[in-house]
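Below is one structure, written out as structure tokens, with a few remarks after it.
Letters A, B, ... mirror the listed sequences (proteins, then strands); counts begin at 1.
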Amino acid sequence: MNKKKVAILSPNPKSLYSTSVCELLIRNKINIEVIFIKRFTFSRFKDEFSRDGLRLIKKIWEKLILKEKAYNSFANIETILTYRQKENITLNNLKELKFKGIEVYFVEDLNSKFVENKLKEKQVDITVFTGGGIIRKNIIDNSGAGVINCHMGKLPEYRGMDVLEWTLYKKDFNNLGFTVHFMKKGVDTGNILKVFDVKLIKNEEIKSLRVRFEPIMTKNFVETIIGFLNGEIVENPQAEKDGKQYYIMDDYLKKVANQYLQQHTKIK
Amino acid sequence: MVKLLYTSSMTDKLFLKITSHRENLKISQGDILYCPETIKIKLGLNYLPQNNKTISSIEIPKYKYFKTIILIDIIALRANFDIKLENHHYWYKKIYQFFEFHYGRIQYVLKKKYNNKIDRILFIQNIISLLLEYYYETKDSRYLSLSLKLLRIHSLSKIGCFNNKFFGQYSYNIILVHFLIKNF
């Protein structure tokens with residue numbers, strides 16, 4: 001049987017999520033043909049700042065400056081770091097994959113003509129999205145079966161941003177989870193491959209819950225990709241009317257959502 | 001229905017001057033172009049001027065795009081609030097999506113639409129009132145979230161940079177959002 005070919009879209013070469021996904025795919029005999037990494041430029045900063053505001057500074061601080069140290073305060077839960085240790089994932093930078101013969105490109109825009117042409121040339125089976133913003137039709141249409149994403153909320157109900165917080169705010173504690181799905185023009189409206197539940201543990205907070213999601217998402221994302229490529233998992237369409245699109249939640253409501261979560265997990 | 005936990009530890013800085021906003025609204029009644037009667041009664045704002053009856057008879061046009069919206073459309077939409085009407089519902093949805101999508105560059109968007117700062121404030125504060133009144137009727141907390149985010153844009157709350165006086169419609173919105181958070 002021919003090895004399946006994939007392309008990777010990544011927001012940053014040192015992303016723990018991107019590097020973990022890539023190493024696990026390679027271990028499972030998936031052929032990564034090409035990796036596109038979004039270059040960090042001033043215009044990217046400007047765009048993301050206008051969307052995320054001060055959250056972006058926090059994100060940069062945690063992901064690019066603190067890196068592993070950002071997980072120091074989560075000693076009692078499984079984080080992406082402990083998961084990497086357990087699975088012996090050693091890839092630290094996507095650039096290292098150049099030595100394995102994988103083409104790695106830094107691009108200003110993941111939707112550029114260059115990426116589109118490369119995808120046309122590589123004829124991949126799917127493209128795996130590990131972050132980097134909105135993906136346009138020209139990329140989706142040239143990604144074989146499509147671009148696969150892992151969304152931190154259950155689809156179709158919770159689309160968009162801060163869906164973890166929105167689920168908690170609505171006290172919808174039994175609907176916490178994530179979804180592996182294909183990307184489409186509308187936000188989180190593409191065909192669903194698999195929906196996963198995440199169960200709450202004692203004394204949970206939004207921060208720790210987000211950290212707990214990371215290794216679970218990484219593991220199941222890779223398993224679903226492999227399942228799909230092997231024909232074991234099929235895609236199911238979702239109706240646009242079945243869900244709502246959420247945006248960044250106001251800080252006050254986030255505090256309320258966190259308080260709901262703390263109360264709910266205290267009783268347990 | 002989602003009931004917020006409103007405890008002293010959860011006080012938000014938006015509500016620190018709630019008493020001043022009540023006072024301010026009394027002296028800035030002229031800034032208020034419309035207030036639903038039910039809200040007037042619930043919030044004890046009976047001193048606000050009578051609503052202009054002709055506003056309720058204004059027909060809401062078909063929604064085109066944001067550039068074409070003018071203040072009177074928003075006032076008319078507030079005065080003829082009806083979520084069952086497809087056209088009205090479409091307006092609320094589009095306005096909500098527009099402001100969420102452009103939240104990061106909202107001041108730029110408003111400056112492009114209105115040169116005059118008073119016009120910008122009047123427009124955005126009436127949009128916030130519309131969003132809050134939508135939340136009041138539907139309990140869709142996405143609208144509450146957007147209202148809170150817009151109310152946090154300090155430059156859209158006062159007319160002058162060195163002027164301490166808040167705009168009346170801003171004070172109305174603060175009083176309304178405070179009431180909604182405490183009671184819903």
Residues B:Leu14, A:Tyr252; criterion side-chain contact (heavy atoms from CB on, under 4.5 Å); working and verdict: CA-CA 10 Å; B:Leu14 273 180; A:Tyr252 179 77; over 6 Å; no
Do A:Trp166 and B:Ser141 pass the side-chain contact (heavy atoms from CB on, under 4.5 Å) test, and can you show the C-alpha distance, the side-chain angles, and the key distance before you say yes or no? CA-CA 9 Å; A:Trp166 282 109; B:Ser141 33; 3.8 Å; yes
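No more than 12 heavy atoms of other residues, nucleotides or ligands lie within 6.0 Å of CD1 in A:Ile134, so this atom counts as exposed by the packing criterion. Surrounding NZ of A:Lys194 are at most 12 heavy atoms belonging to other residues, nucleotides or ligands under 6.0 Å away. When the shell of 6.0 Å around OH of B:Tyr47 is examined, it contains more than 12 heavy atoms from other residues, nucleotides or ligands. Atom CG of B:Asn115 sits in a sparse spot, with 12 or fewer heavy atoms from other residues, nucleotides or ligands closer than 6.0 Å. Heavy atoms from other residues, nucleotides or ligands lying under 6.0 Å from CG of B:Asn46 number more than 12. Remark: A:Tyr105 OH is packed, more than 12 non-hydrogen atoms of other residues, nucleotides or ligands lying under 6.0 Å away.
Cation-pi contact between B:Arg142 and A:Tyr247: absent, since separation from the ring centre below 6.0 Å together with deviation from the ring axis within 45° is not met.
Residue A:Asp250 holds its CG atom at 7.0 Å from CG of B:Asp12, rounded to the nearest 0.5 Å. Considering CG of A:Asp251 and NZ of B:Lys149, their distance stands at 9.5 Å, rounded to 0.5 Å. In this structure, CD on A:Gln245 lies 9.0 Å from CZ on B:Phe101, to the nearest 0.5 angstrom. Taking CG of B:Leu148 as the reference point, atom NZ of A:Lys254 lies at 12.5 Å (rounded to 0.5 Å).
Looking at every heavy atom in both residues, A:Lys244 comes nearest to B:Asp140 through NZ-OD2, 3.8 Å.
Neither the backbone nor the side chain of B:Phe99 comes within less than 4.5 Å of any heavy atom in chain A.
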